[in-house]
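Below is one structure, written out as structure tokens, with a few remarks after it.
These numbers were taken from a predicted model, which means no experiment stands behind them.
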Amino acid sequence: MAVRGTPAAGPVTQVLGLDTLVRLKRARAVGGTLGRLPVPEGMAEPLGCDAVSVPASFGPLLLPRLPRVGCVYADSARWWWLVPSESDVALDWPAPARYVTGALAPDAPLAPGLIHRPRGTLPYTPPIPLYLALCRITGTAPVWSRPISV
């Protein structure tokens, strides 16, 4: 964050960087905790929490493809995988997956149940292996291997 101006030159103008603006937008979008997937007691969220939601039929296909599985929640329609906040930066998560900031399950008719809890104190599934597994299942090329159009 930069500050322009001096008291003698007039009012001080605060210039916000892109990182700050993105964080403010995300904080506003998350708002309250209604519909938030609860992190199990005893687990820490040092990197914040977002979620990747996939159709329930994808869940069993993803599990064996991941080197580590964090907290996973499910209902009859979707599975939610907890990932560190901002795991969507520079990634275009393939449809029908949905990236949700704040680990919200807004479309769930009932609170999804925890179906997998990892050992240890971190609730996260590593986002890059999850992203690559989703790309493989959906037949989507990862964003960094797509041709560049001019």
Which atom names give the shortest non-hydrogen contact between [X] and [Y], and what distance separates them?
X: Pro123; Y: Leu82; answer: O-CB, 3.6 Å
X: Pro112; Y: Ala105; answer: CG-CB, 4.0 Å
X: Ala51; Y: Val83; answer: N-CG2, 4.2 Å

For a quick test of your reading: what N or O donor-acceptor pairs under 3.5 Å do the side chains of residues 59-72 make, sequence neighbours left out?
from  : atom 1 : to     : atom 2 : distance (Å)
Arg65 : NE     : Leu61  : O      : 3.3
Arg68 : NH1    : Tyr124 : O      : 2.2
Arg68 : NH2    : Leu122 : O      : 2.9

Q: Can you sort out the partners of Ser76 under side-chain contact (heavy atoms from CB on, under 4.5 Å), two or more places apart, ordered by chain and number?
A: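 Counting only residues at least two positions away or on another chain, Ser76 forms no side-chain contact (heavy atoms from CB on, under 4.5 Å).
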Q: List for me each residue that meets side-chain contact (heavy atoms from CB on, under 4.5 Å) alongside Ala77, sequence neighbours excluded, and say none if there are none.
A: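 Once residues adjacent in sequence are excluded, the partners of Ala77 under the side-chain contact (heavy atoms from CB on, under 4.5 Å) criterion are Asp75.
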Can you check whether [Y]'s main-chain N or O pairs, donor with acceptor, with [X]'s side chain at less than 3.5 Å?
X: Tyr73; Y: His116; value: no
X: Asp92; Y: Val143; value: no
X: Ser87; Y: Pro127; value: no
X: Asp50; Y: Glu86; value: yes

(Q) If hydrophobic clusters are built from ILVMFWY residues whose side chains come within less than 4.5 Å, do Leu132 and Leu134 share one? (A)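 Looking at the clustering, Leu134 is in the same group as Leu132.
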**Q.** Hydrophobic cluster membership, Val54 vs Ile128, 4.5 Å side-chain cutoff
**A.**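 Linked, Val54 and Ile128 end up in one cluster.
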(Q) Show, in sequence, the C-alpha distance, side-chain angles and deciding distance for Leu130 and Val52, and conclude whether the side chain to side chain contact (heavy atoms under 4.5 Å, CB included) test is met. (A) CA-CA 9 Å; Leu130 179 59; Val52 176; 4.0 Å; yes
Q: Give the intermediate values and the outcome of side chain to side chain contact (heavy atoms under 4.5 Å, CB included) for residues Cys49 and Val39.
A: CA-CA 9 Å; Cys49 263; Val39 174; 4.0 Å; yes
Q: Among residues two or more places apart or on two chains, list those pairs meeting ring pair (Phe, Tyr, Trp, His ring centres under 6.0 Å) that have a residue in residues 126-150.
A: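 As it turns out, the ring pair (Phe, Tyr, Trp, His ring centres under 6.0 Å) pairs with a partner in residues 126-150, which skip direct neighbours, are Trp93-Tyr131, Tyr131-Trp144.
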Q. Got a second to check how far Arg98's CZ is from Arg78's CZ, nearest 0.5 Å?
A.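 Between atom CZ of Arg98 and atom CZ of Arg78 there are 4.0 Å.
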Q. Atom OG of Ser57 and atom CD1 of Ile137: how far apart are they, to the nearest 0.5 Å?
A.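 Separation between the atoms: 9.0 Å.
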(Q) Applying salt bridge (Lys or Arg N to Asp or Glu O under 4.0 Å) as the test, list every pair that has at least one member in residues 39-48; sequence neighbours left out. (A)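 Pairs touching residues 39-48 that pass the test: Arg36-Glu45.
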**Q.** side-chain hydrogen bond (donor to acceptor under 3.5 Å, both in side chains) against Thr138, all qualifying residues, sequence neighbours excluded
**A.**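 If we apply the side-chain hydrogen bond (donor to acceptor under 3.5 Å, both in side chains) test to Thr138, skipping adjacent residues, the hits are Thr140.
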